[in-house]
Amino acid sequence: MKKIALVTYIFALLINTTFAADDKEAATQDNTTEPNSEGSALETQEEVRVMPNPLKEQQQDLAAALTNSLTEVIKLSALEEDFDIYYLSADEKEPIGSILFFPDERTHSDWPINLNPLRIGLTRHKWQTAVITLPSTKLIPIPDRAEYSAKTEGTEDATAEASSAEQAASTKEDKTEETTIDSISDTAEDINNMADLSLARAKVTAQMLKEKSEILVIAGIGQGATWATAFALSLSEADLENSRLLLINPQQSADISAGKLREMISQLKVNTFDIYSAQKKFNKHINAALARKRAANQSEVEEYLQVKAPHRAWSSQGNEWLFRKVLGLLKVNIEQKIEADKEQQKKPKTKEKMNQKPGSTT
C-alpha cells in the first residue's frame with residue numbers, strides 16, 4: 001500500500017509541474033506580444049504627431065474674425081507659399097495711392113493700437129490699405145551651458161582629477177560651440193528663406209496695389225520698420241519717384257535674418273518720414289532717432305523728415321494723435337504735390353516768339 005501511494009504521489013507531482021511550465025510559457029508569450037503591439041502603436045502616434053504653430057493659428061483666427069467685415073482677406077502666393085493680406089479699398093473709386101503696412105513682429109496684422117486705426121481710417125481719405133502677414137520670427141539659438149568643475153587642493157590625485165575634469169569641461173564647451181555653429185549652418189537655408197519670404201510677399205502685394213494707383217507708401221510699425229526699410233531698398237529706379245517710406249516708432253527686428261536698420265537707412269534712396277519718441281532722460285544709451293538721422297545724412301535720400309511723438313502715441317490713448325499726424329504728412333508731402341503737378345500740367349505752354357528783332361531778349 002505504501003508503494004502504491006508513493007507512485008501515485010510522484011505521478012501527480014509530475015503532472016502539476018508540466019501544467020505549470022505550460023502556463024508560464026503561455027504567459028511569457030502573451031507578455032512578449034503585448035509590448036510589441038503597444039510599441040508599434042506609440043510609434044504610429046509619433047509619426048502622425050503635428051507640432052503646434054501659434055502664429056499660423058493666430059492668423060487663421062484673425063482671418064475668420066474679419067470674414068464678415070469690410071476688410072477683404074486675400075490669399076496670395078510668394079516663393080510657393082500662401083499668405084494672407086488684409087485689404088481695404090478706399091471710399092473713392094480712384095484712390096490717391098496705396099499704403100502697405102508691415103506689422104510689428106510682437107503683435108499681429110490687425111493690432112488695435114496704431115495699426116487698426118490707421119489701416120481703416122485712411123481709407124476714408126482716398127487711400128487704399130493692405131497689411132501683410134509676416135512669417136514666424138527665428139531667433140539665434142542659445143548654446144548649452146558648459147559644466148563647471150572647480151580645482152581642489154590636496155593630494156596629487158585630487159589635483160590630477162581636477163585637471164582631467166577641467167579638460168573634460170573644456171572639451172565639452174568646444175563641442176557645444178561646434179554644435180551651435182552646426183545648428184546655425186543647418187538652418188542657414190531656412191534663415192535665408194525667412195528674409196527672402198518677407199521681401200517676396202511685399203513685392204506680390206505691392207504689385208496688386210499698383211493696379212489702382214502708382215503711388216505707394218511703405219509703412220513699418222515697430223519691428224516691422226526693419227522689413228519695410230528692406231523692401232524700400234529693393235525698389236527699382238522707376239518706382240522711387242512714386243514711393244515713400246513711413247517709419248512709425250521704428251525698431252530693430254529680432255529675426256536672425258534681418259538686416260541692421262541703421263545700416264539700411266544709410267543706403268536709402270526713397271523719401272522717408274520717421275515718427276519717433278523722444279529719448280528718455282535717464283536712458284544713457286545712444287539716441288536711436290539721432291543715429292537714424294545721421295545715417296540718413298549719409299544716404300542718397302533727398303528728404304528724411306523726423307516727427308517727434310509723445311510717449312502716449314504708442315498706447316490706445318494716442319491712436320487719434322498718430323492718425324492725424326500720419327494723415328497730415330500724407331496731405332502735405334504727397335497729396336498737395338500731386339495737385340500742384342496736375343495744375344502745372346493744365347497750364348498752357350507758352351510758345352516761343354519767332355522773327356525777333358536783333359538784340360531782343362523776349
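It should be emphasised that the depicted structure is a prediction, and the values quoted were computed from it without experimental measurement.
The neighbour count for E300 CD, taken as heavy atoms of other residues, nucleotides or ligands under 6.0 Å away, does not exceed 12. Shown here is K126, whose NZ atom has no more than 12 heavy atoms of other residues, nucleotides or ligands within 6.0 Å. Under a cut-off of 6.0 angstrom, the local environment of CZ in R106 is crowded, with over 12 non-hydrogen atoms contributed by other residues, nucleotides or ligands. Within a 6.0 Å sphere centred on CD of E241, heavy atoms belonging to other residues, nucleotides or ligands number 12 at most.
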Inset, instruction - Kindly determine whether L115 and F101 satisfy side chain to side chain contact (heavy atoms under 4.5 Å, CB included), including the steps that lead there. - result: CA-CA 8 Å; L115 180 53; F101 286 99; 3.7 Å; yes
Inset, instruction - Let me see the working for K75 and D84 under salt bridge (charged side-chain N to carboxylate O under 4.0 Å, His left out), right down to the final yes or no. - result: CA-CA 5 Å; K75 283 195 175 295; D84 292 339; 3.0 Å; yes
Inset, instruction - Walk me through it: do S253 and E105 pass the test side chain to side chain donor-acceptor pair (under 3.5 Å)? - result: CA-CA 8 Å; S253 169; E105 299 170 14; 2.3 Å; yes
Inset, instruction - Show your working on side chain to side chain contact (heavy atoms under 4.5 Å, CB included) between W111 and S109 and close with a plain yes or no. - result: CA-CA 6 Å; W111 194 246; S109 297; over 6 Å; no
Inset, instruction - Let me see the working for V73 and T67 under side chain to side chain contact (heavy atoms under 4.5 Å, CB included), right down to the final yes or no. - result: CA-CA 7 Å; V73 180; T67 299; 5.5 Å; no
Inset, instruction - Check the pair L88 / E72 against side chain to side chain contact (heavy atoms under 4.5 Å, CB included), numbers first and verdict last. - result: CA-CA 6 Å; L88 195 57; E72 298 180 49; over 6 Å; no
Inset, instruction - For the pair E92 and W127, evaluate side chain to side chain donor-acceptor pair (under 3.5 Å) and give the outcome as yes or no after the intermediate values. - result: CA-CA 8 Å; E92 301 288 337; W127 290 89; over 6 Å; no
Inset, instruction - Apply the test salt bridge (charged side-chain N to carboxylate O under 4.0 Å, His left out) to residues K269 and E302: give CA-CA distance (whole Å), side-chain angles for both, the deciding distance (0.1 Å), then the verdict. - result: CA-CA 7 Å; K269 296 181 180 180; E302 295 181 2; over 6 Å; no
Inset, instruction - Just do the side chain to side chain donor-acceptor pair (under 3.5 Å) check on T71 and R119 with the steps written out, would you? - result: CA-CA 10 Å; T71 301; R119 77 169 190 87; 3.0 Å; yes
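Side-chain atoms of S266 come within 3.5 Å of backbone atoms of E263 as a donor-acceptor pair (strictly under, hydrogens ignored). At distances below 3.5 Å, at least one donor-acceptor pair connects side-chain atoms of K293 with backbone N or O atoms of Y304. Side-chain atoms of S234 never come within 3.5 Å of backbone atoms of L199 as a donor-acceptor pair (strictly under, hydrogens ignored). Q207 contributes no side-chain N or O that, together with a main-chain N or O of A202, makes up a donor-acceptor pair within less than 3.5 Å. A donor-acceptor pair under 3.5 Å links the side-chain atoms of N319 to the main chain of N114, judged by distance alone. Proximity of a side-chain donor or acceptor of R262 to a complementary backbone N or O of A291 within less than 3.5 Å is not detected. Under the 3.5 Å distance criterion, the side-chain polar atoms of Q306 are left unmatched by any main-chain donor or acceptor of I275. No donor-acceptor pair under 3.5 Å is formed between the side chain of N249 and the backbone N or O of G222.
Here the side chains of L118 and F323 are in contact, with some heavy-atom distance below 4.5 Å. Side-chain contact between T205 and L100 is present, with at least one heavy-atom pair separated by less than 4.5 Å. In this structure, K212 and Q128 have side chains that are in contact, with non-hydrogen atoms separated by less than 4.5 Å. Taking 4.5 Å as the limit, every side-chain heavy atom of L246 sits out of range of all side-chain heavy atoms of I218. Side chains of T229 and T272 form no contact here, defined as non-hydrogen atoms less than 4.5 Å apart. Counting heavy atoms from C-beta on, the side chains of H125 and L327 come closer than 4.5 Å. Counting only heavy atoms from C-beta outward, the side chains of R201 and P135 approach each other to under 4.5 Å. Taking the side chain as every heavy atom from C-beta outward, T129 and Y86 never approach each other to under 4.5 Å.
Here the OG-CG distance, from S136 to L197, works out to 10.0 Å after rounding to the nearest 0.5 Å. Atom CD1 of residue I265 and atom CG of residue N297 lie 11.0 Å apart, to the nearest 0.5 angstrom. In this structure, the separation between NZ on K203 and CG on L235 is 9.0 Å, given to the nearest 0.5 Å. Atom CD1 of I74 is separated from atom CD1 of I85 by 4.5 Å, given to the nearest 0.5 angstrom. Rounding to the nearest 0.5 Å places OG of S243 at 8.0 Å from CD1 of I215. The distance from the NZ atom of K210 to the CG atom of N242 is 8.0 Å, given to the nearest 0.5 Å.
The hydrophobic cluster containing V204 also contains W227, counting ILVMFWY residues as joined when their side-chain heavy atoms lie under 4.5 angstrom apart, directly or transitively. In this structure, I248 is not a member of the same hydrophobic cluster as L216, with clusters built from ILVMFWY side-chain heavy atoms closer than 4.5 Å. Hydrophobic clustering (ILVMFWY, side-chain heavy atoms < 4.5 Å, transitive): F273 and W314 are in one cluster. L79 and M208 end up in different hydrophobic clusters when Ile, Leu, Val, Met, Phe, Trp and Tyr side chains are linked at under 4.5 Å. Using a 4.5 Å cut-off between side-chain heavy atoms of Ile, Leu, Val, Met, Phe, Trp and Tyr, with links allowed through other members, F231 and L261 fall into the same hydrophobic cluster.
Residues D274 and R292 are paired through a salt bridge, judged by an N-O separation under 4.0 Å between the basic side chain and the carboxylate. Ion pairing of R124 with D91 is absent here, as no side-chain N (NZ or NE/NH1/NH2) approaches a carboxylate O to less than 4.0 Å.
Nearest approach of I132 to P103, heavy atoms of both residues: O-CD, 3.4 Å. For Y276 against A289, the heavy-atom pair with the smallest separation is CD1-CB, 3.4 Å. S277 and P310 make their closest contact through OG-O, 4.2 Å (heavy atoms, listed as atom of the first residue, atom of the second, distance). Among all heavy-atom pairs drawn from A258 and T226, the shortest one is CB-CG2, 4.0 Å. Between P112 and N116, the closest heavy-atom pair is CA-CB, 4.0 Å. Between L245 and A228, the closest heavy-atom pair is CD1-O, 3.8 Å.
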